[in-house]
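Below is one structure, written out as structure tokens; comments come after it.
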Amino acid sequence: MHNNNKFYEFDADIRKTVIKNLRKIRKEKGYTQEDVALMSEISYGFYKGIETGKKGFSVETIYKLSIVLEVNLDFLFGKTNKKEISA
């Protein structure tokens, strides 16, 4: 059976890592949660929910956030310490 739901349920440890790294990079760049929400064109409530672990997120959302924050997806997922996006 094919599931058309575009949301993927990430493992709890992966979710925690992504949330921790989103918060870390956001603060390093001096952005508020509202700043990131506006730049990402998602609601403030939704972004805040992601960072607090109360909202789930799709791969597309994390990709969009990585572009806005100019951070490597592998860094967000805890696969590398390299934050910069490769050209």
Side-chain angles (χ1 to χ4, degrees):
M1 184 158 132
H2 181 38
N3 184 350
N4 289 328
N5 185 349
K6 71 178 192 175
F7 290 95
Y8 173 79
E9 280 298 317
F10 291 100
D11 169 274
D13 289 336
I14 293 171
R15 281 180 47 86
K16 287 177 188 176
T17 299
V18 170
I19 291 166
K20 176 189 75 160
N21 289 333
L22 274 174
R23 187 178 305 119
K24 177 180 180 172
I25 202 74
R26 174 183 61 79
K27 288 182 177 185
E28 284 178 8
K29 291 188 176 272
Y31 296 138
T32 65
Q33 290 178 338
E34 190 170 353
D35 293 334
V36 174
L38 286 169
M39 292 185 299
S40 304
E41 298 178 343
I42 61 176
S43 75
Y44 166 69
F46 182 60
Y47 183 77
K48 181 179 177 181
I50 290 172
E51 265 201 24
T52 59
K54 294 181 177 155
K55 297 280 185 186
F57 47 82
S58 67
V59 172
E60 291 87 355
T61 299
I62 296 304
Y63 177 73
K64 183 186 275 191
L65 291 169
S66 76
I67 297 299
V68 166
L69 293 170
E70 300 177 309
V71 66
N72 187 329
L73 269 175
D74 285 340
F75 173 78
L76 290 179
F77 282 93
K79 302 295 180 189
T80 184
N81 291 327
K82 183 181 176 211
K83 297 175 191 172
E84 301 80 23
I85 299 174
S86 300

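Nothing fancy with the numbering, it's 1 onward along the sequence.
Checked by atom type and distance alone, the side chain of Thr61 never pairs as donor or acceptor with a backbone atom of Phe57 at under 3.5 Å. Proximity of a side-chain donor or acceptor of Thr52 to a complementary backbone N or O of Gly49 within less than 3.5 Å is detected.
Taking NZ of Lys55 as the reference point, atom CZ of Arg15 lies at 11.5 Å (rounded to 0.5 Å). Here Asn72 contributes atom CG and Asn81 contributes atom CG; the two are 10.5 Å apart, rounded to the nearest 0.5 Å. With rounding to the nearest 0.5 angstrom, the OG atom of Ser66 is 4.0 Å from the CG atom of Leu73. Of the inter-residue distances, the one linking Leu69 atom CG with Ser40 atom OG reads 6.5 Å to the nearest 0.5 angstrom. We find the NZ-NZ distance between Lys20 and Lys24 to be 7.0 Å, quoted to the nearest 0.5 Å.
By the 4.0 Å N-to-carboxylate-O rule, Lys83 lies close enough to Glu28 to be salt-bridged with it.
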Decide side chain to side chain contact (heavy atoms under 4.5 Å, CB included) for Arg26 and Glu51; before the verdict, give the C-alpha distance in whole Å, the side-chain angles of both, and the deciding distance to 0.1 Å. CA-CA 10 Å; Arg26 174 183 61 79; Glu51 265 201 24; 2.5 Å; yes
Take Phe77 and Ile62 through the test side chain to side chain contact (heavy atoms under 4.5 Å, CB included) and record every step on the way to the result. CA-CA 10 Å; Phe77 282 93; Ile62 296 304; 3.9 Å; yes
Step by step, work out the side chain to side chain contact (heavy atoms under 4.5 Å, CB included) result for Leu22 and Tyr47. CA-CA 10 Å; Leu22 274 174; Tyr47 183 77; 4.1 Å; yes
List the steps, then state whether side chain to side chain contact (heavy atoms under 4.5 Å, CB included) holds for Ile42 with Leu65. CA-CA 10 Å; Ile42 61 176; Leu65 291 169; 4.3 Å; yes
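Both Val36 and Tyr63 belong to a common hydrophobic cluster when Ile, Leu, Val, Met, Phe, Trp and Tyr are linked at side-chain heavy-atom distances under 4.5 angstrom. Taking hydrophobic clusters as Ile, Leu, Val, Met, Phe, Trp and Tyr residues chained together by side-chain heavy-atom distances below 4.5 Å, Tyr44 does not share a cluster with Ile25. Placement of Ile50 and Leu38 in two distinct hydrophobic clusters is found when ILVMFWY residues are connected by side-chain heavy-atom separations under 4.5 Å, directly or transitively.
Atom NZ of Lys29 is surrounded by more than 12 heavy atoms from other residues, nucleotides or ligands within 6.0 Å.
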